[in-house]
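First comes the structure, then the notes that go with it.
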Amino acid sequence: MTLRIQFVMGLFAVGALVACQSEPEGRSLTPTLMVYADKPEPTSPVATPPAGVPDGMVFVPGGLTQIGADDGQAWEKPLLWVQVKPFFMDEHPVTVAEFRRFVTATKYKTEAEKFGDGAVLDETTRQWTLRKGAKWSHPQGPEQPPAPDNHPVTQVSWNDAQAYARWAGKRLPYEFEWEHAARNATNSRTRYPFGNELINADGKYLANTWNGTFPESDAVLDGFHLTSPVGQFGKTPLGLTDMTGNVWQWCEDWRQNYADVMAGQPPTNPTEKVQRGGSFLCEPGWCHGYRVSGRSFTSPETSLMHVGFRCVKDV
């Protein structure tokens, strides 16, 4: 199916660490991130929101976060530390209605529209296929109902997400910023931003994921077989929604192994961009990607029915 419907592992940019007596030495990955192999002395994070938080965004305090999981996939190891500067993050993924405003204002044509198809999971064959006419407004194809306005937009490539972010005066998050926010900017070590369980004490599901054995059967116990309205399952302690399940979210970074980041190696032959958050297609026996540390990777021109994005803005 070409790189357009791959999704495996990855990371981004460049980083390195050298132990230096009592205080680990870090290296700047981006203007907002420092990375360390060992835990440095914490700095005082900026925890008070500045005046004028942009509409629809949440202030994410700066701080120190450990990235990855010892009990996760190989591409979530080894663990490393990042010092993150504060930033603003969209409260929820970009919706169909929000993306429509962008298209209307700019006459933008997505890559799925240019290619004439988008990647869809065929539930009859249980195989991924490039479906003719699938696009952001009709992610399952032209014969299927349109995407509801309050659902996250999908069938948008990384390049499409970048175009929207520039138009909105924002940018895509670096994946370490995304994980810092998912850990509530406090280095929370729970499996999900809201704890270790997907179902609360009242039996309510806290995220839109696959309920059953993928791809054979989905019991739809959470109420949604495909995407759900943004914010349907409540907010994280930081005030964000849809950080677990619903749709994977594009990040800025190229795929790279954490060990290479720590060794200061740049991405070699980069072909895939990072995604975070998991989707309605994820279930632990197949893909437990909706954990805080979960990662996926796809080529930047790919458009899929379960991948969207959210934006961030520097403080």
Side-chain angles (χ1 to χ4, degrees), residues 1-8 92-104 106-164 207-220 222-230 232 242 245-250 272-273 275 277-283 286-287 289-290 296-310:
M1 265 298 153
T2 80
L3 283 173
R4 296 183 53 217
I5 54 174
Q6 291 179 2
F7 43 118
V8 263
H92 55 72
V94 173
T95 64
V96 173
E98 289 169 333
F99 197 78
R100 180 181 292 107
R101 287 197 287 272
F102 160 63
V103 170
T104 300
T106 63
K107 311 304 179 187
Y108 183 82
K109 193 171 185 179
T110 62
E111 292 197 283
E113 291 171 292
K114 294 175 183 177
F115 285 122
D117 53 39
V120 173
L121 179 67
D122 187 315
E123 295 198 36
T124 301
T125 64
R126 298 173 182 167
Q127 298 292 322
W128 283 95
T129 184
L130 292 172
R131 182 166 294 169
K132 295 295 183 183
K135 59 181 182 179
W136 67 270
S137 60
H138 287 75
Q140 302 298 314
E143 293 80 23
Q144 298 300 315
D149 277 358
N150 62 344
H151 285 223
V153 69
T154 62
Q155 295 294 8
V156 286
S157 70
W158 181 89
N159 295 314
D160 298 331
Q162 283 280 22
Y164 177 95
N208 178 10
T209 65
W210 189 275
N211 309 139
T213 303
F214 182 85
E216 285 76 18
S217 62
D218 179 12
V220 198
D222 54 27
F224 298 92
H225 181 56
L226 300 174
T227 57
S228 53
V230 297
Q232 177 72 28
D242 303 271
N246 209 1
V247 294
W248 284 101
Q249 299 165 34
W250 288 113
E272 294 174 310
K273 289 290 186 177
Q275 299 162 355
S279 82
F280 61 85
L281 292 177
C282 288
E283 64 93 359
W286 169 259
C287 161
Y290 48 82
S296 186
F297 317 90
T298 308
S299 59
E301 77 281 5
T302 300
S303 304
L304 296 118
M305 62 179 261
H306 68 321
V307 176
F309 69 100
R310 75 202 308 147

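Throughout, residue positions are numbered sequentially from 1 according to the sequence presented. All of these numbers come straight from a predicted model, not from anything done at the bench.
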Item to check | Backbone of Arg131 reached by a side-chain donor or acceptor of Asp117 within 3.5 Å | outcome: no
Item to check | Main-chain N/O of Asn211 paired with Asp222 side-chain donor or acceptor, under 3.5 Å | outcome: no
Checklist outcome for this item: Output for pair (Trp286 CH2, Phe214 CZ), nearest 0.5 Å, gives 6.5 Å
Checklist entry - Which value, rounded to the nearest 0.5 Å, describes the distance between Leu304 atom CG and Gln275 atom CD? => result 7.0 Å
Next on the checklist: In this structure, is the centre-to-centre distance between the rings of Tyr164 and Phe309 below 6.0 Å?
Outcome noted: yes
Next on the checklist: If we ignore hydrogens and angles and just use 3.5 Å, is the side chain of Ser228 paired with the main-chain N or O of Phe224 as donor and acceptor?
Outcome noted: no
Item to check | Ring centres under 6.0 angstrom apart (His306, Trp210) | outcome: no
Item to check | Listed partners of Trp136 passing ring-ring contact (aromatic ring centres under 6.0 Å, His included), at least two apart | outcome: Phe99
Item to check | Stepwise side-chain contact (heavy atoms from CB on, under 4.5 Å) check, Glu98 with His92 | outcome: CA-CA 11 Å; Glu98 289 169 333; His92 55 72; 3.6 Å; yes
Checklist entry - Which pairs with one or both residues in residues 138-157 pass salt bridge (Lys or Arg N to Asp or Glu O under 4.0 Å), sequence neighbours excluded? => result Arg100-Asp149
Checklist entry - Quick one: does Trp250's side chain have a donor or acceptor within less than 3.5 Å of a partner on Val156's backbone? => result yes
Item to check | Candidate pair Met305 and Phe280, rule side-chain contact (heavy atoms from CB on, under 4.5 Å), full reasoning | outcome: CA-CA 10 Å; Met305 62 179 261; Phe280 61 85; 3.6 Å; yes
Item to check | Step-by-step side-chain contact (heavy atoms from CB on, under 4.5 Å) determination, Val247 to Thr227 | outcome: CA-CA 7 Å; Val247 294; Thr227 57; 3.8 Å; yes
Checklist entry - What's the verdict on side-chain contact (heavy atoms from CB on, under 4.5 Å) for Gln155 and His138, showing C-alpha distance, side-chain angles and the deciding distance? => result CA-CA 9 Å; Gln155 295 294 8; His138 287 75; over 6 Å; no
Checklist entry - Any side-chain heavy-atom pair from Glu123 and His225 closer than 4.5 angstrom? => result yes
Checklist entry - How long is the gap from CG on Leu226 to OG on Ser279, to the nearest 0.5 Å? => result 10.5 Å
Item to check | Approximate separation, where rounding is to 0.5 Å, of Asp122 CG and Thr129 OG1 | outcome: 6.5 Å
Item to check | Under 3.5 Å: donor-acceptor pair, side chain of Gln232, backbone of Pro229 | outcome: no
Next on the checklist: With a 4.5 Å cut-off on side-chain heavy atoms, are Gln162 and Lys273 touching?
Outcome noted: no
